[in-house]
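These notes are about the structure you will find just below.
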Amino acid sequence: EIMPSLVGSEMCIRDRAGVLNDYSNRREARISVTLDGAIDRYGEARILAEFLPAAPRTFTEFTLEFDNVDIASVTPYSAKFAGYAIDSGRLDLDLEYRIEEQLLHGENRILIRELQLGERVEVPGAANLPLRLAVALLKDSHGNVELDLPVRGDLGNPQVSVGGLIWKALTNVITKVATAPFAALGRLVGAQGADLERIGFDPGAAELRPSQRQVADKLARALAERPEIDLAFGGCAAQADDGRALRAARLAEALAESRDALPADDDAAAVNPALRQLFVETFSEAAWTELEVAHAEAPTALTEAARERLLAAQPLAEEDLAQLALARRQVVLDYLAETGVDPQRLHAVQPGEADSDDGRVLCRFELEAP
């Protein structure tokens, strides 16, 4: 049951040779088996087993070692589960299993070298796994994928099979990696996934602060470890936080111009004279008088109310936010390229939605597997 589940019914083990030890017709007798063989042209297989032939689910212990197997030969079976053909790659397996009283304990150590996926294969019932992204995330800088897949199960349950347990473990690994890709990247550089998934900006600004350059540096190091992953970034802008910051910058400019236009001896106003003059120019003298009456006992409140009215009156177009998002996109992509990330792996995409946290506007990255 196990070998077809792992390597597919199409794989041929030839030139088999083996030794059968301690054979007996006693029900409680255990048999030892050693088998060696060749797989396809360059692969090798070795199986060491000890079991009860009368009751293999009561006691079976075996080791399977497959070395240098052409992984393309497993495509007819793997496509059923993953939905992709396999163009090339070499497979090493080191599998250790023990079944005792129908309880399975298995360890699967898998090394896949130079794996190249082919086209998607339409197979009825195939699992819809994000395999291409998962492989790119799992493949190291040498082009290898290394996996440790422990499996546990009760073979006394008719709904449990060895093959099903193995593929469930593999599916879980692929799904976990592909659905939390930044967590997978973060583990390479000692960072949390959330630390690499977003980069923050001060409202209204496109400059990278030192802490955000640190995020970009970690992301660049992680990308160096996973050379088949590309990064997409579109920047972002937050209507509320960035809008207020841009309006505040415009108000500061307008107040500076108003201050420059005041006579040198105009200091009689109870509030900032530039603020008062700009308010009157923007609204009217009557509006200022009405505001003064409403805050006759609180000059500080008058100043704040006037500033808020002026702030809301500053012009802000959607184009202003769009330009800010594009500026953020450019500064991040330029910085990553300067740190050594191949520009061909950096993709400028349309601005995305912004998140806000702790006074920062956060823009999200995306990972792609070309």
Carboxylate-amine/guanidinium proximity below 4.0 Å for [X] and [Y]:
X: Glu114; Y: Arg90; value: no
X: Asp357; Y: Arg198; value: no
X: Glu96; Y: Arg98; value: no
X: Glu285; Y: Arg276; value: yes
X: Asp242; Y: Arg328; value: yes
X: Asp202; Y: Arg360; value: yes

Determine, stepwise, if the pair Tyr84 / Val135 fulfils side chain to side chain contact (heavy atoms under 4.5 Å, CB included). CA-CA 12 Å; Tyr84 281 91; Val135 167; over 6 Å; no
So for atom [atom1], which belongs to [X], do other residues, nucleotides or ligands contribute more than 12 heavy atoms lying within a distance under 6.0 Å?
X: Arg244; atom1: CZ; answer: no
X: Gln192; atom1: CD; answer: no
X: Glu281; atom1: CD; answer: yes
X: Glu107; atom1: CD; answer: yes

What's the spacing between [X] [atom1] and [Y] [atom2] if we round to 0.5 Å?
X: Ile112; Y: Glu146; atom1: CD1; atom2: CD; answer: 10.5 Å
X: Gln116; Y: Ser88; atom1: CD; atom2: OG; answer: 5.0 Å
X: Gln102; Y: Asp154; atom1: CD; atom2: CG; answer: 6.5 Å
X: Leu208; Y: Gln214; atom1: CG; atom2: CD; answer: 12.5 Å
X: Thr63; Y: Leu93; atom1: OG1; atom2: CG; answer: 12.5 Å
X: Asp67; Y: Glu44; atom1: CG; atom2: CD; answer: 6.0 Å

Where [X] and [Y] come nearest, the two heavy atoms and their spacing:
X: Leu324; Y: Ala237; result: CD2-CB, 4.5 Å
X: Ser141; Y: Arg226; result: N-NH1, 4.3 Å
X: Ala184; Y: Val177; result: CB-CG1, 4.2 Å
X: Leu149; Y: Val173; result: CD2-CG2, 3.3 Å
X: Ser356; Y: Asp241; result: OG-OD2, 2.8 Å
X: Gly235; Y: Cys363; result: C-SG, 3.9 Å

Can Arg30 be said to sit on top of Phe51's aromatic six-ring, NZ or CZ under 6.0 Å from centre and within 45° of the ring axis?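 Output no; distance or angle outside limits.
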Tell me whether the guanidinium CZ or amine NZ of Arg329 lies under 6.0 angstrom from the six-membered ring centre of Phe233 and within 45° of its axis.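 No, Arg329 does not lie over the aromatic ring of Phe233.
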Just by distance, do the side chain of [X] and the backbone of [Y] share a donor-acceptor pair under 3.5 Å?
X: Lys139; Y: Leu115; answer: yes
X: Thr303; Y: Pro299; answer: yes
X: Asp36; Y: Arg46; answer: no
X: Gln314; Y: Leu310; answer: yes
X: Gln212; Y: Gly200; answer: yes
X: Arg152; Y: Gly106; answer: yes

Not counting sequence neighbours, list each pair that qualifies as a side chain to side chain donor-acceptor pair (under 3.5 Å) and has a residue in residues 340-352.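 Listed once each, the pairs are Asp230-His347.
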Heavy-atom side-chain contact between [X] and [Y] under 4.5 Å:
X: Leu223; Y: Ile229; value: yes
X: Leu131; Y: Ile174; value: yes
X: Leu255; Y: Leu278; value: yes
X: Ile47; Y: Val33; value: no
X: Leu91; Y: Arg113; value: no
X: Thr339; Y: Leu219; value: no
X: Ile199; Y: Leu362; value: no
X: Asp94; Y: Phe66; value: no

Take Arg250 and Asp320 through the test salt bridge (Lys or Arg N to Asp or Glu O under 4.0 Å) and record every step on the way to the result. CA-CA 12 Å; Arg250 288 204 171 94; Asp320 298 326; 3.3 Å; yes
Between Thr58 and Glu100, is a side chain to side chain contact (heavy atoms under 4.5 Å, CB included) present by the stated rule, with each step listed? CA-CA 5 Å; Thr58 299; Glu100 196 163 12; over 6 Å; no
Connected via hydrophobic side-chain network under 4.5 Å: [X] and [Y]:
X: Phe201; Y: Leu321; result: no
X: Leu137; Y: Val189; result: yes
X: Leu138; Y: Leu231; result: yes
X: Val69; Y: Leu35; result: yes
X: Val215; Y: Leu367; result: no

Test side chain to side chain contact (heavy atoms under 4.5 Å, CB included) on Arg109 and Leu95 and set out the steps. CA-CA 6 Å; Arg109 287 173 287 279; Leu95 316 179; over 6 Å; no
Please step through side chain to side chain contact (heavy atoms under 4.5 Å, CB included) for the pair Arg132 and Glu228, ending with a clear verdict. CA-CA 10 Å; Arg132 194 174 295 279; Glu228 294 193 11; over 6 Å; no
Under 30°, 30 to 60°, or over 60°: which ring-plane class applies to Phe365 and Phe182, parallel, tilted or perpendicular? tilted
